[in-house]
Trainee: 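Mind looking over this structure? Questions follow.
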Amino acid sequence: MLTETEEIAAYAASERHWDLLEESMQAMCTWDGASDQWNAQNKIRPWLASL
């Protein structure tokens, strides 16, 4: 799920679709909260830093 969500968020950011970016970031936060916290954070951190 994370890869697809990252791709959507990257697209939304590049095209300045702020509502879509917000929704995709919310999905990542929900996924992070529902899964192994450190595993999710380790996958999200490098991508988030690249924005």
Side-chain angles (χ1 to χ4, degrees):
M1 176 181 160
L2 183 59
T3 303
E4 293 85 6
T5 307
E6 286 178 304
E7 290 173 6
I8 293 168
Y11 168 78
S14 71
E15 297 296 318
R16 299 178 183 228
H17 291 292
W18 306 127
D19 290 339
L20 181 57
L21 177 60
E22 183 176 353
E23 288 295 324
S24 59
M25 294 301 296
Q26 183 62 42
M28 277 195 264
C29 291
T30 300
W31 177 72
D32 181 20
S35 65
D36 175 16
Q37 179 181 9
W38 299 112
N39 185 39
Q41 287 182 359
N42 289 338
K43 290 181 179 180
I44 293 171
R45 184 179 297 117
W47 176 85
L48 193 55
S50 74
L51 291 180

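Just so it is clear, the structure is predicted and the values come from calculations on it, not from any experiment.
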Trainee: So how far is it from M25 CE to E6 CD, rounded to the nearest 0.5 Å?
Mentor: 9.5 Å
Trainee: Atom OG1 of T30 and atom CD of E23: how far apart are they, to the nearest 0.5 Å?
Mentor: 9.5 Å
Trainee: My understanding is that only residues two or more places apart in sequence, or in another chain, count here; which of them pass side chain to side chain contact (heavy atoms under 4.5 Å, CB included) with I8?
Mentor: L20, S24
Trainee: Taking all non-hydrogen atoms of both residues, which atom of A27 and which atom of T5 are closest, and how far apart?
Mentor: CB-CG2, 4.1 Å
